[in-house]
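Residues: numbered from 1 along the sequence shown. Please read all numbers here as calculations on a predicted model, not as lab measurements.
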Amino acid sequence: MIWSWGSQRKRPIFLCHGCFDPLHVGHLAHLLEVRRIAERYNGLVYVSVTPDEFVNKGPGRPLMPAEERTQLLGCLKCVDFAFVSAGPSAVQSIQEYKPRWYCKGQDYQGKELTDYQLLMEIDAVQQIGGSIFYTTEPVRHSTDYLERYRYAFNS
């Protein structure tokens, strides 16, 4: 299922990809920063969501099905187009939508040589003539939030 907000015209695409499970304020900060930059170029913000079968964040994950994560993202005004990725990474989404910029959080910067999935995504972006962009928002992780909630409810 695809969720969209706003008009889809021939404009540069800024692609973000992730699990977004659960969606939290760190994701929102990342997407808002991408939106601010996209607006400078009259660009669109696309978000691809990792399918359930490829989420490997630990037992019981994902907490929410991909369709629900996609629906939440698509309802955000800072996102123009949200969809479930066709594979475990953003490679297929990059090949299909040909973004001008592929946007990752700053926690991925410098991991190009140790994160094989990121390396493949960067390669796919470069093959279509795009560039990678790292946002600068403070790093937050869904797992950290889940650990705090687990601690709060088990105390």
Side-chain angles (χ1 to χ4, degrees), residues 1-57 61-112 114-143 145:
M1 183 172 289
I2 296 171
W3 291 86
S4 174
W5 178 272
S7 151
Q8 310 299 314
R9 289 177 254 167
K10 287 281 187 189
R11 294 162 49 188
I13 294 171
F14 290 71
L15 177 67
C16 303
H17 174 82
C19 290
F20 302 98
D21 179 57
L23 183 64
H24 58 72
V25 70
H27 294 132
L28 184 58
H30 173 69
L31 295 169
L32 286 169
E33 184 173 343
V34 172
R35 163 56 65 201
R36 282 191 297 276
I37 294 162
E39 285 178 350
R40 293 183 201 160
Y41 299 92
N42 194 30
L44 296 168
V45 176
Y46 281 27
V47 180
S48 63
V49 174
T50 304
D52 296 344
E53 63 267 25
F54 298 114
V55 174
N56 58 358
K57 300 285 185 174
R61 302 285 296 274
L63 298 176
M64 300 172 61
E67 293 76 22
E68 291 180 14
R69 292 179 276 137
T70 302
Q71 184 177 3
L72 284 172
L73 287 159
C75 289
L76 298 174
K77 279 191 162 188
C78 59
V79 173
D80 293 297
F81 186 62
F83 58 96
V84 178
S85 177
S89 70
V91 171
Q92 290 90 339
S93 301
I94 291 165
Q95 292 168 340
E96 182 175 351
Y97 293 102
K98 299 183 179 10
R100 175 64 187 92
W101 288 275
Y102 179 53
C103 308
K104 296 297 279 182
Q106 69 173 332
D107 52 328
Y108 286 89
Q109 197 162 14
K111 292 186 177 180
E112 297 86 350
T114 59
D115 186 326
Y116 181 73
Q117 184 170 299
L118 178 61
L119 183 62
M120 298 304 293
E121 292 167 343
I122 292 170
D123 185 53
V125 170
Q126 290 172 342
Q127 285 182 21
I128 58 140
S131 301
I132 188 157
F133 173 78
Y134 297 98
T135 55
T136 60
E137 81 290 339
V139 175
R140 294 180 176 95
H141 297 283
S142 296
T143 304
Y145 285 101

Report yes if the side chains of [X] and [Y] come closer than 4.5 Å at any heavy-atom pair, otherwise no.
| X | Y | value |
| --- | --- | --- |
| I94 | P99 | yes |
| F14 | F133 | no |
| R35 | L76 | no |
| L32 | R36 | yes |
| L118 | M120 | no |
| R100 | I13 | no |
| F20 | V47 | yes |
| L31 | C16 | yes |

Count the heavy atoms belonging to other residues, nucleotides or ligands that lie under 6.0 Å from OH of Y41, then report whether that count exceeds 12. no

Go through H27 and H24 one step at a time and tell me if the ring-ring contact (aromatic ring centres under 6.0 Å, His included) criterion holds. CA-CA 5 Å; H27 294 132; H24 58 72; 3.8 Å; yes

Atom [atom1] in [X], atom [atom2] in [Y]: separation rounded to 0.5 Å?
| X | Y | atom1 | atom2 | result |
| --- | --- | --- | --- | --- |
| L72 | D21 | CG | CG | 10.5 Å |
| H17 | C103 | NE2 | SG | 13.5 Å |
| K104 | T135 | NZ | OG1 | 10.0 Å |
| L15 | I132 | CG | CD1 | 10.5 Å |
| E68 | L73 | CD | CG | 12.0 Å |
| Y116 | S89 | OH | OG | 9.5 Å |

Judged by atom type as modelled, is there a donor-acceptor pair below 3.5 Å linking the side chain of [X] to the main-chain atoms of [Y]?
| X | Y | answer |
| --- | --- | --- |
| D80 | Y46 | no |
| R11 | L44 | no |
| R61 | V55 | no |
| R69 | C19 | yes |
| D52 | A66 | yes |
| E33 | E137 | yes |
| E121 | A90 | yes |

Pair F83 + Y97: ring centers closer than 6.0 Å: yes

Of all heavy-atom pairs between [X] and [Y], which one has the smallest distance, and what is that distance?
| X | Y | answer |
| --- | --- | --- |
| P88 | T50 | O-CG2, 4.1 Å |
| H30 | G105 | CE1-N, 3.5 Å |
| P51 | G87 | CD-O, 3.2 Å |
| D107 | K111 | O-CE, 3.1 Å |

